[in-house]
Structures are given as C-alpha cells and as structure tokens.
A.B. asks: 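Take a look at the following structure, please.
All chains are named by letter (A, B, ...) in the order of the sequence lines, taking the proteins before the strands, and each is independently numbered beginning at 1. If you're wondering where the values come from, they're calculated on a predicted model, not measured in any experiment. Below, each value reflects all heavy atoms present in this structure, side chains not excepted, and no hydrogens, waters or symmetry copies.
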Protein chains: 2
Amino acid sequence: MKQPQDTIAARIARALADRIITGAIPPGAPLRQDHVAVEFGASHVPVREAFRQLEAQGLAVSEPRRGMRVTSFDVEDLREVAAMRAALEVLALRHAAPRITPAVLEAADAANRAAEAATDVHAWEEANRRFHRLLLAPCAMPRLMSSIDSLHLASARFLFAAWRSQWEKPTDQEHRAILAALRRGQTDLACSVLAKHVGRISGRSPQNKFDKSGTYAIIG
Amino acid sequence: MKQPQDTIAARIARALADRIITGAIPPGAPLRQDHVAVEFGASHVPVREAFRQLEAQGLAVSEPRRGMRVTSFDVEDLREVAAMRAALEVLALRHAAPRITPAVLEAADAANRAAEAATDVHAWEEANRRFHRLLLAPCAMPRLMSSIDSLHLASARFLFAAWRSQWEKPTDQEHRAILAALRRGQTDLACSVLAKHVGRISGRSPQNKFDKSGTYAIIG
DNA sequence: CTGATATTTCCTGTATTCAGGAATTATGGA
DNA sequence: TCCATAATTCCTGAATACAGGAAATATCAG
C-alpha cells in the first residue's frame, strides 16, 4: 500500500490534487494545514510541502500569512489553457510523429476505443488523456511533456466542474482523423486537426455554467 | 530590508535560484538542507519548502531519501527550451499584438537599447528578458506568462553557463525588426521573426562547451 | 585485495512551542 | 444607534529538539 520511496508529502499532495481536480474541494476553498495534517495523520511539515507542490501545479495559491487557497477559474482561464495546449501539443506531435511506431498507433487506437466505451466522465477523461499522451510522448522532450501534463490537469478540472451531473459523451471523430493522418504519414494534417481539436475544448463546455467573477458557479 | 509579506522560504528560494542560474552552484551539485539552513540562519523546514519551489522551477530535482540535486542540462535541453519558447512566445505575441500601445513599444525600444549598451552578459540578459516580457505581457494570460518566465530562466542558465568568460554581444537586429513590424501592424511578420529569433538561441551557444552526459563541462 | 559489517551522515518526519499577523468580537465614544 | 477603536482568538510561519531510517563511507576480518 505505502511505497517506501514515496514521501508522505507526495501522498498528501496527490490526494489533495485529486480532490481539487474532481471538484471535491471547490475553488476558493481554504486549505488549513492543521486540518489536513490531522486528517492524514501527519504533522504540519509534510503538509506544507504538499501545499507547495499543489502551488506548483497551479491548483492552489499561497497568500503569505493568510494560508493556502484552492485556485479559482473561469472561461478565460479555459481559453488560455486550450490555446497553450494547442501550441504545445502541436509542437510535441511534430517532434513525435517521425518516432511513432505502429505499436503506439495501436495503443492510441485502443485508448480511443476505451474513451468511446466510457460510461462516466471520469473514465472518459482518463482514456482521453492517455490517447493524447501516447501520441505525444515519443517526442522525447521531458519538459514539454510535463507542461502538457499540467495543462491536461487544468483541463480535467474544467471538465469535471462543467459536466459533473449530466454529461454527453463526445464522439471523438477527430481522434480517429488524427490517427488516420499519422498512419498515412501526413504529419501536417495530423497537427492541424489536433490544433483544431484542442481548440474546440474551450467551446465545448457550457459557458453559462461559469460566472465571470472567477468563483464557483457549478452545477446540480 | 526584509519585507514582512515575504516568507523565509521564498527568500531562500530566490537566493538559491539566482546562484543556480548564474552558475555559482554548478549543475549536479547536491543541496544539503542543513548547510543551507545554517547559512541563512533558518531551520530546515523553510529550507525544504524552498527546495520544493526550486523543484517547481525545474532548477533542482529531489531524489527521495537522497536529497536535492541541481539539475543538469545539455544541448538537447537547450533545443527543447528554445522550441517551447518559440511556440509559447508566438502565441503570446499573437494575443498581445492588438493590445500593444505606443508606450509599450517605446519601453521595449528602450530595453533593446539597454541590451545593446550592456557591457556584461548579466546586464544583457536582464535587458533582453525585459524586452521580450514587455511585448508579450499585454496578452493578459497569466499562466502563459508564467510558463514563458520559467523558460527564460532556463535560457538564462544556458547563457551564463556558455558565455561566462568571453562573451560577444549580439546585435539584436531581430529585435528591431519585430518592433518595426509591430509598429506597422504586421502581426504575422512580427510573430514569424520572433519564432526564428527564439529558435536561433539554440544555435548561438557554443555546443562544444557542453558534453553529452548532461554534466557540467564549462568554462574558464 | 575483497567482501561483509559497522559507523557516520543526512534526509524525512514528529512533537512542541512561540511569535506575529489577520479576522472577529467586544467595547466605548459620538 | 452607529461607527471607530481595542481586545481576543485563530492560524500561519518558524524554531527547536528529537527519532527513525536509508545511503554512503569507513573499518576490519579472511
């Protein structure tokens, strides 16, 4: 259960990150270190380190002498994340394309089928993220992949916030188009489809469910 | 001297980050928390938090149960940083261009003149970074700007590592071309010049001064 | 010289305590 | 009554002391 090469701070950070992403801890909520410490049966030192990790992931902000607070977001943030994802994922795909093997394409296809078979938003998100990551990872650029992962985290927050109650599964026709282009070696086409596809996420969520103040306005 | 709204951990992180970027602490060097603590007259708790901040900036890596270590880098990392900068700075400029005022252009011009008047690499780097930041900041995308800042940090590390001893000042002709294009409202031209300009940094450093193992191979 | 063991070093985490700032509540004056 | 000021309380930031454990180093026997 508990890996020895896994620090308590890292475990707390993962648990809190998951709650923030899924919306279990809402945007704007304060994170009180003593409260978290007793919940995880730890002292405040690893808790503070976990807070720093959340801060690095953009999931929380520290207001000195006033504690940590879960970050808020609005449609503008979603658009920004989408634009950054488009730019960076296209860059990654361009470098990855020559190194993508048939095995990778097959795995990505499987991930896409898993997404289309998903029955809830959580499973769909996991499969969708896996699809993107499989195609981009061959670029072998660790810093770039880490940035993309962080953006996917933010995207997932929006997804869960907007589509918690009712959620209609998208068809992911574009995923298939990307795979088809890659199979034919049409890197440019794959990149342009990917850019459009990622750009679409900022239009796919129901904007009226976010208010403009940046605070939480969710959802039945 | 000491701002009250400034935590000890943040001060330690800034001081260490500066040393790492300038090369005062070389790549691969271990960061021992107790040594840092006594040097700054602090306990190990804020030091560990500072380490996390360095980790978030990509300046150090934590090997669990073995301590922190300053990250190494090689030409491949430089190319990756350059490619990411090109992608993200073009994105930022495209959003910033319609909001750039004559005052911003004037300030950028001043920064460029300061760069050309710089007598040492440190002053040049500061002015160069200011030039880029002035033109991009009007995009009003905080996450994007923070990513670009982080990439500039990494770029500066390469710059200081490669050009510590002898350093010939570049002419920054391209900076002027970007400004001219922006003054004429030619956003596309400005973006393409910027992309080429940023891409050039990966060819401008003397590659032979980096070895392939990723360790430090610098410089008189 | 080699390999196993012992020692040391230092990272990770706990518990306790305290100082200082922020927010809230209580108090007093107009 | 209402507003401004003062007191209290809460919580973060930080220090100190200490324990457990892993890794590196030194030591010693064969």
A.B. asks: Given atom CD of B:Gln33 and atom P of C:dT9, what is their separation to the nearest angstrom?
C.D. replies: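 These atoms are roughly 16 Å apart.
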A.B. asks: Tell me which nucleotide among D:dA14, C:dC11, C:dT14 gets nearest to the side chain of A:Ser43.
C.D. replies: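 Comparing D:dA14, C:dC11, C:dT14 against the side chain of A:Ser43, the answer is C:dT14.
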A.B. asks: Does the plane of the ring in B:His197 sit parallel, tilted or perpendicular to the ring in B:His175? Use 30° and 60° as the thresholds.
C.D. replies: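 Because their plane-to-plane angle is over 60°, the rings of B:His197 and B:His175 count as perpendicular.
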A.B. asks: Name the one of B:Leu59, B:Ile12, B:Val61, B:Val36 that satisfies side chain to side chain contact (heavy atoms under 4.5 Å, CB included) with B:Phe51?
C.D. replies: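 Result for side chain to side chain contact (heavy atoms under 4.5 Å, CB included) with B:Phe51: B:Val36.
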A.B. asks: Under 4.0 Å from OP1 or OP2 of D:dG13: is there any side-chain N or O of A:Arg66 that close?
C.D. replies: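 Looking at the OP1 and OP2 atoms of D:dG13, neither is under 4.0 Å from any side-chain N or O of A:Arg66.
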A.B. asks: Map B:Arg52 and B:His35 onto DNA chain C by nearest heavy atom, then report which one ends up closer to the 5' terminus.
C.D. replies: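 Per heavy-atom nearest nucleotide, the more 5' residue is B:His35.
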A.B. asks: Hey, does the side chain of A:Ser146 reach the backbone of A:Pro142 with a donor-acceptor pair shorter than 3.5 angstrom?
C.D. replies: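 Checked: no pair found.
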A.B. asks: Give me the atom names and distance for the closest heavy-atom approach of B:Leu78 to B:Phe158.
C.D. replies: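 Nearest heavy atoms, B:Leu78 then B:Phe158: N-CZ, 3.3 Å.
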A.B. asks: Please report, rounded to the nearest Å, how far the P atom of D:dG20 is from the CD1 atom of A:Ile8.
C.D. replies: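 To the nearest whole Å, that distance equals 15 Å.
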A.B. asks: Without decimals, in angstroms, what is the distance between A:Asp34 CG and C:dT16 C1'?
C.D. replies: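 My rounded result for the distance is 12 Å.
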A.B. asks: By nearest atom, which of the nucleotides D:dA14, D:dG13, C:dG13 is closest to the B:His44 side chain?
C.D. replies: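 Comparing D:dA14, D:dG13, C:dG13 against the side chain of B:His44, the answer is C:dG13.
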A.B. asks: If you check every side-chain atom of B:Arg32, which of C:dC11, D:dA15, D:dG13 has the closest atom?
C.D. replies: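 The nucleotide sitting nearest to the side chain is C:dC11.
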A.B. asks: To the nearest Å, give me how far apart CD (A:Glu63) and C1' (D:dT12) are.
C.D. replies: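 Atom CD in A:Glu63 sits about 12 Å away from atom C1' in D:dT12.
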A.B. asks: C:dG13 P sits how many Å from A:Glu49 CD, rounded?
C.D. replies: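 Between P of C:dG13 and CD of A:Glu49: 7 Å.
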A.B. asks: Which residue, A:Val45 or A:Gly67, contacts DNA chain D at a nucleotide closer to its 5' end, judged by nearest heavy atom?
C.D. replies: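 Its nearest nucleotide lies further toward 5', so the answer is A:Gly67.
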A.B. asks: When you measure from the side-chain N and O atoms of B:Arg65 to the phosphate of C:dC10, is any distance below 4.0 Å, counting only OP1 and OP2?
C.D. replies: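 No.
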A.B. asks: Does D:dT12 have OP1 or OP2 sitting under 4.0 Å from an N or O in the side chain of B:Thr7?
C.D. replies: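 For B:Thr7, the contact criterion (side-chain N or O under 4.0 Å from OP1 or OP2 of D:dT12) is not met.
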A.B. asks: Write down the distance between CE (B:Met68) and P (D:dA22), rounded to a whole number of angstrom.
C.D. replies: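 B:Met68 atom CE is separated from D:dA22 atom P by 21 Å.
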A.B. asks: Between A:Glu89 and A:His132, is there a donor-acceptor pair closer than 3.5 Å when you use the side chain of the first and the backbone of the second?
C.D. replies: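 No, because the side chain of A:Glu89 does not come within donor-acceptor range (under 3.5 Å) of the backbone of A:His132.
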A.B. asks: Please tell me which of the listed nucleotides, D:dT12, D:dA15, C:dT12, lies nearest to the side chain of A:Arg48?
C.D. replies: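 Per side-chain heavy atoms of A:Arg48, the pick is D:dT12.
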